[in-house]
Each structure stands twice: as structure tokens, then as C-alpha cells.
Amino acid sequence: MDEILQPWLDNDVEPADLYQLLGVPRFHESLDDLGTAIREAHAVLRQYQRHPESEVQERSRRLRNLVGQAARVFASQISRQTYDAELKAKLAAMQQRRKYDIVGIDLGTTYSALAYIDVHGEPQVVANPDDQSNVTASVVYIDGDDIVVGATALRNAKSAPENVVQFAKRDMGEQNATYVRGDDRKAYTPESISAIILKKLVAYSEQEIGPIHRAVVTVPAYFNGLRRVATAQAGQIAGLEVVATLNEPSAACIAYRLHTNQHTGIYVVYDLGGGTFDVTVMRVGRNRIQELASDGNRQLGGYDWDRKLVDMVCRQFLEQHQLDPRTDPMAFQTLMNDCCEAKKTLSSLKKAHIRCTFQGKELRAEVTRDDFERETGGLLKKTELTIESCLRAAGGSWADLAGPDELDSHQRESLRKNGFRWDDISGIMLVGGSTRMPMVQSMVKRISGKEPMRNVDVDLAVAMGAAIYAGVLETQSSDVVFEELPTIVPLSDEPPRPAGSAPLPDPGRAGTFEYVTVNSLGIGVFVSRAGVPMNFVMIPPHTVLPAIKSHTFRTTQENACDVRVRISEGDSANSNQCHELGFCVVGPLPERLPRGSKIEIQIGFDKDGRVTVQGRCLTTNTIVRAIIDAAGLLTQEQVDRERRELDRRTIN
Ligand code: ADP
Ligand code: MG
């Protein structure tokens with residue numbers, strides 16, 4: 001035994017090397033081995049402790065450190081395995097009792113999917129019977145009373161673009177956004193278009209799993225409160241109760257977590273979908289999933305890659321025929337669809353062919369993967385820069401949030417200054433159809449030096465995570481009682497803890513977890529400084545939600561009877577670069593208030609991204625009500641009307 005332990009004692013051993021020294025190459029597959037090794041090490045330790053000489057004491061101190069580290073990993077690993085098994089058992093029990101009328105829905109910009117928990121406690125996606133695909137195109141075709149959703153609607157996008165709605169999610173919660181479609185020129189809101197998509201998903205899923213009444217619907221991390229409420233309203237119009245909106249990266253992270261035997265750590269979720277790009281840095285704890293920072297580009301996705309391919313083909317067409325197919329909407333749409341197919345081909349083959357006909361002329365273009373990657377390199381670079389800035393921001397938030405046992409002062413300082421380095425990152429989770437492009441995978445590998453994680457279907461991760469979360473919410477309020485995990489102590493007596501190191505992880509409650517979210521854009525108010533309008537950020541980006549911040553302002557007018565507070569969203573001081581979320585009126589204020597009176601404004605921002613405002617007049621110390629004008633949201637009356645309207649239509 002002494003021989004085996006010698007290397008521990010002579011070198012300062014990194015925890016990662018410990019397993020190797022313990023002779024357990026893949027420790028998580030051989031917990032028994034690790035447990036035995038720790039027990040043996042402990043026996044040696046006891047022998048050492050009987051010798052008072054200083055050298056032996058020093059050896060014993062180091063050994064204690066190592067045993068402590070090994071024991072912590074051991075404990076967290078065991079409880080982690082038990083945790084997932086418990087969660088699955090719990091969900092399975094719920095399902096077997098047929099208590100499940102709740103599902104998870106990924107309502108995507110280009111594709112949507114619905115998942116549920118099966119009798120084994122595993123998330124399953126329901127395939128669309130129209131084409132047996134696990135995802136349904138978020139495309140709606142409206143012609144009189146005929147409404148079609150999915151692949152058929154997408155095919156119609158080229159022949160009858162005036163009857164088709166795509167990308168409605170981008171307009172969700174947007175004031176005055178409507179689409180006029182069909183022969184009767186009816187106007188549809190983005191919420192009712194989304195409701196149509198939800199109804200379609202629910203209808204075919206009910207055929208397979210029975211009645212569905214409630215759902216967790218995912219939203220992008222950057223969605224503000226208004227857009228989240230609008231998403232819930234889309235659910236209501238579809239006849240669903242939306243029990244929660246969950247951030248897409250968190251959902252993906254939950255799915256990955258259940259499917260991988262990964263440790264707790266810091267993870268990057270890279271989501272490149274059809275029309276948007278999101279990157280989120282998460283801290284995954286044993287029963288806590290915490291967003292540290294989130295960033296992205298709402299106008300960057302697979303669509304832009306398609307568009308570049310269209311440009312490549314059209315350049316050749318122009319050269320050969322002096323005609324540009326992009327000038328004709330129908331030819332353009334056909335080419336977009338064909339280029340999208342060619343792009344997918346290039347994900348598996350080195351070459352693709354695109355045939356383009358326009359005004360009687362024809363071109364057969366051959367595109368190589370190399371050419372395609374060169375043409376779209378700039379788009380990929382944008383995502384790379386976003387990851388880097390997100391890692392910096394996330395490092396800063398973790399420096400602020402981590403407890404004293406999680407970071408020492410040196411680490412904290414370095415995180416604040418430099419953000420996370422790739423060495424700090426445990427894994428990169430790929431999400432979204434566009435991450436199937438080899439160029440994405442190689443870029444991620446190049447910048448991180450790590451193989452990205454892809455062991456969960458990139459198209460389905462979000463829906464599956466939403467289903468698991470729905471299950472977790474459900475079990476929390478259910479009568480299925482699960483015992484708390486026993487505290488795991490691998491030795492008869494608890495291993496000595498080296499000074500200043502982390503305590504043994506608290507096993508916490510089994511089969512449940514907490515999910516912590518941050519805002520991606522600052523929330524503040526528009527103010528006037530020396531007569532110049534500007535934005536004053538009150539809740540900076542990446543603040544843990546819910547958050548409440550207050551600040552004192554002064555009135556700019558004599559005898560003001562109320563003040564109008566315009567809530568801003570954005571990080572810049574330049575008000576032109578910020579978006580107005582809505583406004584509220586703080587009042588009535590006491591009479592005859594002089595100019596420059598102090599008013600304290602308190603802004604609250606909750607986990608669902610909803611903003612609340614409260615004002616306090618400091619002269620009289622009275623709290624004044626703030627009424628937020630929910631501009632852009634449908635009224636309950638409108639929701640009910642749209643619901644009745646959809647109820648009488650058939651959706652195919
Ligand atoms: P969203 O979340 O925006 O609805 P998805 O995550 O479903 O989007 O991704 C859709 C995008 O993924 C589309 O642009 C589609 O063309 C692209 N995509 C799907 N499969 C592949 C593939 N094999 N190679 C490249 N891109 C793909
Ligand atoms: Mg998506």
C-alpha cells in the first residue's frame with residue numbers, strides 16, 4: 001500500500017490525476033474501486049498518525065488532503081447517480097398513475113417539437129404523423145377556413161407566399177404586428193399564429209399519448225417579460241395552460257444533464273437555430289442549474305447560411321445569363337428552399353448540386369463544402385466573438401455569486417478580470433439544427449480545445465428538457481412522496497477535511513432541482529440629464545432574477561402631479577439604442593411639489609422576465625402606485641375571442 005501511495009505523497013497531485021493514481025482510470029464507471037481505494041488510504045492514514053515525526057506528519061497532511069478530495073468526488077458522484085435514478089423513478093411513477101396531462105413544447109422560430117415523459121421516466125418526442133419527423137416546421141398556411149401547419153405549409157411558401165406565415169416568433173409580443181392572409185384578408189396576430197402551431201403539435205400528440213391540458217413552453221433567454229406573457233397567451237388561445245415559460249438554453253442543459261454522466265461544472269450552451277443564435281453559460285450543480293450569462297444575435301441563424309448559398313448561386317446565374325433570380329419573389333423562395341436542402345447535404349457530403357431555373361434559363365451549380373464554408377466564415381466568426389464576450393461576462397457573474405467555499409480570493413479576482421478561460425469549462429452543449437454543420441463543430445473545438453457534446457439530439461434537446469422540467473414542477477406539487485437522499489459518507493468516520501477546502505456536497509433533495517436565471521439585457525428608465533434624453537440602467541445585464549433595484553430621481557417640473565416612467569431595455573446610455581418596454585405613471589403625487597423633488601423608483605424584474613414598478617415620493621414618504629401599460633399585449637377579451645375563432649377552424 002505504501003508503494004501505491006508514494007506518488008501521492010511526493011507530488012502535489014491535481015484532483016483529476018487522483019483517480020489515475022488510485023488505479024481507477026474511469027472513476028465514474030468504477031465507484032466501487034474508488035470507494036475501496038479511499039478506505040485503504042484511510043487505513044494507512046491512521047497508521048501514520050501514530051508517528052509523531054514531522055516528516056510523517058507532513059505526509060499524513062498531504063494524504064488527508066487527497067483522501068478528502070477523493071471522498072468529495074465520490075460522494076457527489078454517488079448522489080448524482082442516485083439523483084437521476086430517483087428523478088426518473090419519480091417521473092415514471094407519475095406517468096404510470098396517469099397523472100400526466102402536461103408536456104414540454106419547444107416553440108421554435110423555424111421548427112417546433114413536443115415531448116412528454118414516458119412510463120420509464122424518460123423524455124420522448126412525439127413524431128409528426130404527416131412525415132414521421134420529430135420536428136414540425138413552424139410554418140402556417142391559411143386559405144379561407146383551411147389551415148395547414150408544417151412541411152406542407154412550407155412547400156406552399158413558394159407557390160402561395162401570400163397565404164403563408166413564417167417566423168412569427170420574432171414578432172411575439174410586438175405591438176401592432178399582424179399578418180393579413182387568405183382570401184378573406186383576415187389579420188392574424190403572432191400569438192394566434194403561434195397558437196395554431198401549438199394546436200397542431202397537441203392534436204397529433206394527443207393521438208399518441210392521450211389528452212394534454214398543460215405545458216411548459218420554452219422561450220429564448222433574451223425574451224423580455226412581454227414576449228413571455230405573449231407566449232403564454234399563445235398557449236391560452238390554443239386551449240393550453242402554460243404552467244411556466246422556461247429558457248431554451250436551460251431546457252437544453254436539463255436534457256443534456258439527464259443524458260450524460262457529467263459532473264457539476266460550468267457549461268456553455270451554443271444554440272444555432274434557423275433564425276437566431278444564443279449562447280448561455282451555465283453553472284450546473286447537483287440540484288441547481290444556474291444561468292450565469294446569456295448573449296446572442298436575434299438575426300443570425302441557418303437562414304443566413306441559406307441566404308449566402310443563394311447569393312453564390314445567383315452570382316453564377318448572373319455571370320452566365322445576365323439575370324438575377326433574386327429579383328422575383330417566387331424564384332427567390334424556390335431557391336431558398338433548394339439551397340437549404342443543399343446546405344443540409346453539405347453537412348454530410350463534401351459537394352452539393354443546386355439546379356436553378358429562371359425566365360427559361362437554367363443553371364446547374366456545384367457547391368463544395370470548402371466554398372460554402374469560405375462564403376459563410378464571417379457568419380460563424382460572429383458567433384465565435386459572442387461566445388468570447390459571454391465567457392467574460394459569465395466569469396464576472398460567477399465571481400459575484402460563488403460562495404467562499406466555491407472560489408478562493410485569487411480565483412475570484414482572476415474571474416472578475418479575465419472571465420472564464422476554456423480550462424474552466426466542463427463542456428460545450430450543442431443545440432439547434434444548424435450545429436449539424438461541420439464548420440460549427442470544428443470552430444467550437446478549435447477555440448475551446450474540447451470535443452463539443454452532442455449526445456442529445458440537437459433538434460430535440462430543448463423539447464425534452466421542457467418535458468423534464470414540467471415533470472419536476474409536477475412532482476413538487478404532487479402527492480408522490482420521495483424520501484430525501486441519505487447523506488453519503490464513504491467511510492465509517494467522516495474523512496478529515498483539509499483546511500479551507502469545500503465541504504462535502506450537501507446531497508439535497510432528490511429528484512428535484514432549482515433553476516436560476518439571469519437577464520440578458522439591462523433594465524432601466526429613460527431619463528433626462530441636463531435636458532438630454534438618456535437611458536439609465538437600473539438592473540444591469542446578467543443579474544440573478546428576481547431582482548429589485550431602486551434609485552432616486554428628481555422631478556423636472558414645478559408642481560408635478562405625477563411622473564411618467566418609461567421603462568427601457570438595453571445596456572447603452574444612448575436612449576436611441578434601447579427599446580421601450582412600456583411605461584407607467586407614478587402618481588398622484590402630493591400637491592405643490594417643488595421642482596427637483598426626490599422620487600425613488602423601484603424596479604422589480606421577476607424570473608419570468610416581468611417588470612414591476614413602484615414609486616415613492618421622498619418629500620412626503622408616500623408610496624405611489626405605478627400602473628404599467630402593457631402595450632403590445634393582447635387583452636383577455638382578445639385572447640378569448642381568438643381562441644373561439646380558432647376552435648371553429650380545422651387545422652391540418
Ligand atoms: P429554431 O430553434 O430556430 O426553430 P432549429 O434548431 O430547429 O431552429 O434549427 C433549424 C435550422 O437548422 C434550419 O435553418 C435548418 O436549415 C438547419 N438544419 C437542420 N438540419 C441541418 C443539417 N443537417 N445541416 C445544416 N443545417 C441544418
Ligand atoms: Mg431552437
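Indexing begins at 1, ligand by ligand and atom by atom, following the structure's order.
The closest approach between S434 and ligand 1 falls below 4.0 Å for a heavy atom of the residue.
The shortest contact between atom 1 (P) of ligand 1 and any protein heavy atom is with T110 OG1, 3.3 Å. Of all protein heavy atoms, the one closest to atom 15 (C) of ligand 1 is K343 NZ, 3.7 Å. When only non-hydrogen protein atoms are considered, atom 6 (O) of ligand 1 lies nearest to G433 N, 3.0 Å. Protein heavy atom closest to atom 3 (O) of ligand 1, with residue, atom name and distance, is G274 N, 2.9 Å.
Less than 4.0 angstrom separates some heavy atom of G108 from each of these atoms of ligand 1: 4 (O). If you number the atoms of ligand 1 from 1 as listed, the ones under 4.0 Å from a heavy atom of G432 come out as 6 (O). Atoms of ligand 1 found under 4.0 Å from any heavy atom of G302 (numbered from 1 in listed order, with element): 14 (O). Less than 4.0 angstrom separates some heavy atom of C340 from each of these atoms of ligand 1: 16 (O).
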Step by step, work out the side chain to side chain donor-acceptor pair (under 3.5 Å) result for T368 and D371. CA-CA 5 Å; T368 66; D371 288 342; 3.2 Å; yes

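Contact check for V458 versus V431: no side-chain heavy atoms found under the 4.5 Å cut-off. Using a 4.5 Å cut-off on side-chain heavy atoms (C-beta onward), W398 and R283 make contact. Contact check for P325 versus C356: side-chain heavy atoms found under the 4.5 Å cut-off. Annotation: side chain of L430 is in contact with side chain of I428 (closest heavy-atom distance under 4.5 Å).
Looking at L272 next to ligand 1, no N or O pair under 3.5 Å apart turns up. Checking only distances, Y111 does come within under 3.5 Å of ligand 1, N or O to N or O. Distances between N or O atoms of D459 and those of ligand 1 include no value under 3.5 Å.
The pair D647-K199 meets the salt-bridge criterion, since a charged nitrogen lies less than 4.0 angstrom from a carboxylate oxygen. Salt-bridge formation is detected for the pair D457/R436: a Lys NZ or Arg NE/NH1/NH2 atom is positioned less than 4.0 Å from an Asp or Glu carboxylate oxygen.
A cation-pi arrangement, defined by a distance under 6.0 Å to the six-membered ring centre and an angle within 45 degrees of its axis, is absent between R181 and Y179.
Residues Y256 and Y267 place their aromatic rings such that the two centres sit no closer than 6.0 Å.
When R436, M437, M439 are ranked by how near their heavy atoms come to atom 23 (N) of ligand 1, first place goes to R436. For atom 24 (N) of ligand 1, the nearest non-hydrogen atom from the set S347, A113, P220 belongs to S347.
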